[in-house]
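Structure first, then comments.
Here the structure is a predicted model, which means the values were calculated and not measured.
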Amino acid sequence: MSFGFFRNLPKPKPAPEEREHVVAGRSLPLKIVENNRARRLTLRIDSGGRGLRITVPPGLRRGEVEKFLDRHQDWLEQRLAKVPARPQVRPGIKIPVRGVAHRIVHEPSSRGTVTVSSDERGPLLIVHGDRIHLPRRVADFLKREAKKEIEKLVLKHTQALGKRAKAVRFKDTSSRWGSCTSDGNLSFSWRIMMAPSPVINYLVAHEVAHLKEMNHGPKFWKLCEQLCPDTERCKAWLKRNGGALQAIAFE
């Protein structure tokens with residue numbers, strides 16, 4: 001017995017292949033992604049130099065991927081040499097919160113997670129508990145701040161637009177700052193909390209505008225300007241400074 005309608009079901013997309021690739025002594029995560037619309041191989045360096053991504057046509061032999069990487073090794077080395085070294089979150093360094101630099105102070109003897117304070121030298125992030133947990137606790141602090149602020153901004157802009165977001169999620173994405181799906185799910189990188197407040201507002205306005213215009217055409221940008229009149233300046237700031245925020249290591 002034959003059930004012909006099964007033949008019309010779309011084939012599932014193969015899972016991306018993930019491995020390490022060494023460039024000038026640096027071992028970087030490499031993701032190989034098949035795309036049915038791809039006609040050639042494309043190579044991209046994630047923001048902050050945190051990883052590599054190759055998009056390939058379906059069914060391409062992996063030997064061709066290796067040859068492609070070999071041909072572009074010099075290009076990778078030149079581009080990665082321009083990427084600033086990843087600053088590690090640790091006591092004594094400064095990281096921005098809403099665009100304002102805060103010096104990290106470790107207080108292992110006191111209980112709690114992260115406290116915002118200041119002294120004669122300026123704003124502080126006081127991190128409590130064991131030293132080994134410090135980077136994660138700073139990241140968790142930024143995630144909490146993102147949830148608190150961005151959910152309010154989503155509500156503000158969706159009300160102005162007359163649309164409704166199905167869900168708001170937070171991730172640590174290296175390729176984009178935010179996204180909007182066709183069914184109304186909004187996602188944001190919590191790292192945006194290191195950007196100035198107007199830039200945070202712009203990012204939320206940008207993704208909310210996609211609830212009405214799922215493209216980057218003239219109507220979309222007009223809508224974005226209506227929600228955030230400072231769109232052009234904030235977009236330029238994020239393009240100029242976003243890589244440095246993505247480069248900060250919270251591991």
In this structure, CD of Glu64 is separated from CG of Leu69 (nearest 0.5 Å) by 11.5 Å

Q.
Measuring centre to centre across the rings, with the benzene-like ring taken for any Trp, is Trp177 within less than 6.0 Å of Tyr202?
A. no

Any donor-acceptor N/O pair, Asn241 side chain to Trp237 backbone, under 3.5 Å:
yes

State plainly whether the residues Glu66 and Arg19 are in salt-bridge range, i.e. N to O under 4.0 Å. yes

Residues Ile93 and Gln88: closest non-hydrogen pair is CD1-O, 3.2 Å

Side-chain contact test, heavy atoms from C-beta onward, threshold under 4.5 Å: evaluate it for Trp75 versus Leu43 and give yes or no. yes

Check against side-chain contact (heavy atoms from CB on, under 4.5 Å), Asn35 and Thr42:
CA-CA 11 Å; Asn35 188 318; Thr42 57; over 6 Å; no

Are Val105 and Val114 linked, directly or through intermediate hydrophobic residues, by side-chain heavy-atom contacts shorter than 4.5 Å (ILVMFWY only)?
no

Nearest heavy-atom contact between Leu223 and Ala209 is CD2-O, 3.7 Å

Practice prompt. Taking His106 for its side chain and Gly129 for its backbone only, find out whether a donor-acceptor pair lies under 3.5 Å.
Written response: yes

What one should report as the nearest heavy-atom pair of Ala165 and Val154 is CB-CG1, 4.1 Å

Worksheet item: Is any NZ, NE, NH1 or NH2 atom of the basic residue among Arg136 and Asp140 found under 4.0 Å from an Asp or Glu carboxylate oxygen of the other?
Response: yes

*Val116 side chain near Leu125 side chain, heavy-atom distance below 4.5 Å*: yes

Query raised in the report: Ile126, Ile104: one ILVMFWY side-chain cluster at the under-4.5 Å cut-off?
Result: no

key: Greater than 12 external heavy atoms within 6.0 Å of Arg37's CZ   = no

Using only atom types and a distance under 3.5 Å, with no angle test, would you say the side chain of Asp74 pairs donor to acceptor with the backbone of Glu77? no

dist Gln246:CD -> Ile248:CD1 (nearest 0.5 Å) comes out at 9.5 Å

Subject >> Val33 side chain reached by Ile54 side chain, heavy atoms, under 4.5 Å >> reply: no

Basic-acidic side-chain contact under 4.0 Å: Lys67, Asp70: no

The reported gap from SG in Cys180 to NZ in Lys166 (rounded to nearest 0.5 angstrom) is 12.0 Å

### Task
Show your reasoning for whether side chain to side chain donor-acceptor pair (under 3.5 Å) applies to Asn201 and His157.
CA-CA 9 Å; Asn201 178 59; His157 290 307; 2.8 Å; yes

Identify whether Leu124 and Phe141 are in the same connected component of the hydrophobic contact network (ILVMFWY, side-chain heavy atoms under 4.5 Å).
-> no

**OP:** May I ask you to check whether Gln73 and His21 show a side-chain donor-acceptor distance below 3.5 Å?
**Re:** yes

Min side-chain heavy-atom separation Leu134-Pro91 under 4.5 Å: yes

dist Leu211:CG -> Ser182:OG (nearest 0.5 Å) comes out at 10.5 Å

Taking every heavy atom of Val204 against every heavy atom of Phe188, the minimum-distance pair comes out as CA-CE2, 3.8 Å

Assess whether atom CZ of Arg62 is packed by more than 12 heavy atoms of other residues, nucleotides or ligands within 6.0 Å. yes

- Does Thr181 reach the main-chain N or O of Asn185 with its side chain, forming a donor-acceptor pair under 3.5 Å? yes

Worksheet item: Under 6.0 Å between ring centres, would you say that holds for His216 and His206?
Response: yes

Salt bridge (Lys or Arg N to Asp or Glu O under 4.0 Å), that's the test. Do Lys222 and Glu225 meet it? Break it down for me.
CA-CA 5 Å; Lys222 183 178 180 180; Glu225 290 275 0; over 6 Å; no

Kindly indicate whether the side chain of Leu76, heavy atoms from C-beta on, has any atom under 4.5 Å from the side chain of Arg79.
no

Flag side-chain contact, heavy atom, 4.5 Å: Leu245 against Ile192:
no

- Item | Arg131, CZ: over 12 other non-hydrogen atoms inside 6.0 angstrom | yes

Taking every heavy atom of Ser189 against every heavy atom of Thr173, the minimum-distance pair comes out as CB-OG1, 3.7 Å

task = Carefully, step by step, assess Glu207 and Leu203 under the rule side-chain contact (heavy atoms from CB on, under 4.5 Å).
result = CA-CA 6 Å; Glu207 299 307 334; Leu203 177 66; 4.2 Å; yes

Q) Taking atom NZ of Lys235 as the centre, does the number of heavy atoms from other residues, nucleotides or ligands within less than 6.0 Å exceed 12? A) yes

Test salt bridge (Lys or Arg N to Asp or Glu O under 4.0 Å) applied to Arg191 and Asp172, step by step:
CA-CA 7 Å; Arg191 288 173 179 261; Asp172 187 11; 2.7 Å; yes

**Study point:** Heavy atoms from other residues, nucleotides or ligands near NZ of Lys143 exceed 12 (cutoff 6.0 Å)
**Key:** yes

Notebook entry, point to check: For Arg40, does the CZ atom sit with more than 12 other heavy atoms under 6.0 Å from it, leaving out its own atoms?
Noted result: no

side-chain contact (heavy atoms from CB on, under 4.5 Å) between Lys31 and Asp46, intermediate numbers included: CA-CA 10 Å; Lys31 184 177 288 188; Asp46 290 337; over 6 Å; no

| Has the side chain of His210 got a donor or acceptor atom that lies under 3.5 Å from a matching backbone atom of Glu213? | yes

Just by modelled atom types, is the Arg121 backbone N or O under 3.5 Å from a matching donor or acceptor in the Asp119 side chain? yes

Here the pair of heavy atoms bringing Ile200 nearest to Arg98 is CD1-CG, 4.2 Å

Taken to the nearest 0.5 Å, the spacing of Leu155 CG from Ile150 CD1 works out to 13.5 Å

(request) Would you confirm whether Glu149, through its side chain, and Met193, through its main-chain N or O, come within 3.5 Å as a donor-acceptor pair? (result) no

Task: Check against side-chain contact (heavy atoms from CB on, under 4.5 Å), Arg53 and Ile45 - done: CA-CA 6 Å; Arg53 179 187 178 98; Ile45 301 172; over 6 Å; no

Value for CD1 (Ile32) from CG (Leu60), rounded to nearest 0.5 Å, stands at 9.5 Å

Is there a donor-acceptor contact under 3.5 Å linking the side chains of Thr115 and His128? yes

